[in-house]
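When reading the values below, keep in mind they use all heavy atoms of this one structure, side chains included, and skip hydrogens, waters and symmetry mates.
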Amino acid sequence: MAVEPERLPVFVYGTLRPGQVNHGHYLRGRTVAEEPARLRGAVLYEGPGYPYAVAEPGGEVRGELVSVAPGEYAAVLASLDELEGCGPDGRGEMYVRVGRQVLPERGGAVRAWVYLAADRTARRLRAAGTRVEGGSWPHGPA
C-alpha cells in the first residue's frame, strides 16, 4: 500500500516558474497561489535547458512557492514527479523530491516540496558543472 505524500506547496525554480515552458503544461490553472520565495541551503547549476538545485550550505535559490488547488493536488504532484523522473516515493536518478523550509517574500517560513539534484547528479555538477550566479534561472533578478 503506497503512502500518499504530505500535501505541501511546491517550490519551483526552473522551467516550472511562471512564464516558463513547463508552467503552462503542468501548473497553469491548477494553482491557488504563486508567490516569490527563496530556498536557503542550495545553489543552482546549469542543465541542458533547465537548472538543477544542489544542496549547499550558505547558498540561496530564488523561485516561486506554488500552492496547488486541492482538487488537483494528487494529479499535479504525480505529473511533476514524472517530469522530474521521480517515483511516487519522490526518488529518482536525476532529482529527488524533498521537504524543505522556503522563505516566501511576504515573510515567515513554509515547508514545501523541492526537487533537488539526486546525489550522483549533485556530485557530477559540483565537480564539473556551471554554477548559476545569483541563484535565479533564467539569469537575472527574480
Side-chain angles (χ1 to χ4, degrees), residues 1-126 129-142:
M1 177 184 222
V3 176
E4 184 176 324
E6 190 175 352
R7 290 186 176 230
L8 301 175
V10 181
F11 177 75
V12 298
Y13 56 84
T15 65
L16 290 164
R17 292 180 84 172
Q20 298 300 313
V21 64
N22 282 328
H23 184 272
H25 295 302
Y26 293 89
L27 296 171
R28 185 173 297 124
R30 301 170 88 184
T31 67
V32 294
E34 299 172 356
E35 62 182 304
R38 296 173 288 130
L39 169 67
R40 290 194 175 144
V43 296
L44 289 182
Y45 283 88
E46 289 287 352
Y50 51 87
Y52 289 95
V54 174
E56 183 174 306
E60 185 174 273
V61 173
R62 295 184 177 278
E64 278 73 35
L65 183 64
V66 176
S67 297
V68 178
E72 299 280 347
Y73 194 87
V76 167
L77 193 62
S79 67
L80 296 180
D81 279 351
E82 184 177 343
L83 172 68
E84 307 299 8
C86 296
D89 63 353
R91 306 203 61 69
E93 295 279 322
M94 293 174 36
Y95 290 96
V96 293
R97 177 176 34 84
V98 297
R100 292 285 189 267
Q101 291 295 315
V102 174
L103 305 170
E105 194 172 78
R106 64 178 152 75
V110 175
R111 187 165 164 78
W113 291 124
V114 179
Y115 290 90
L116 294 177
D119 288 341
R120 185 174 171 186
T121 302
R123 284 193 304 271
R124 177 182 55 78
L125 290 165
R126 285 184 190 111
T130 301
R131 195 160 156 177
V132 175
E133 295 304 321
S136 183
W137 188 96
H139 305 288

Minimum heavy-atom separation for [X] and [Y], please, with both atom names.
X      : Y      : value
Val61  : Ala42  : CG2-O, 3.5 Å
Ala37  : Pro104 : CB-CA, 3.8 Å
Ala117 : Val96  : O-CG2, 4.5 Å
Tyr45  : Arg126 : OH-CA, 3.8 Å
Thr15  : Gly49  : CG2-O, 3.8 Å
Val43  : Gly59  : CG1-CA, 3.7 Å

- request: Please name all residues satisfying salt bridge (charged side-chain N to carboxylate O under 4.0 Å, His left out) with Arg38, sequence neighbours left out, ordered by chain then number.
  value: Glu60

task: List for me each residue that meets side-chain hydrogen bond (donor to acceptor under 3.5 Å, both in side chains) alongside Thr121, sequence neighbours excluded, and say none if there are none.
output: none

Interatomic distance, [X] atom [atom1] to [Y] atom [atom2] [nearest 0.5 angstrom]:
X      : Y     : atom1 : atom2 : result
Leu44  : Tyr50 : CG    : OH    : 13.5 Å
Arg131 : Glu56 : CZ    : CD    : 4.5 Å
Phe11  : Arg62 : CZ    : CZ    : 9.5 Å

field: Side-chain heavy atoms of Val10 within contact of Leu27, under 4.5 Å
entry: no

query: Any side-chain heavy atom of Leu39 within less than 4.5 Å of one from Tyr13?
result: no

- prompt: Looking at residues at least two apart in the chain, or sitting in another chain, which of them share a side chain to side chain contact (heavy atoms under 4.5 Å, CB included) with Ala109?
  reply: Gln101, Leu103

message: For residues 76-95, which residue pairs pass the salt bridge (Lys or Arg N to Asp or Glu O under 4.0 Å) check, not counting sequence neighbours?
response: Asp81-Arg97

- prompt: Pairs in or reaching into residues 86-119: which pass ring-ring contact (aromatic ring centres under 6.0 Å, His included), with residues at least two apart or in two chains?
  reply: Tyr52-Tyr95

query: What pairs meet the side chain to side chain donor-acceptor pair (under 3.5 Å) rule with one or both residues in residues 25-35, with sequence neighbours excluded?
result: His23-Glu34, Arg30-Glu72, Thr31-Glu34, Glu35-Arg106

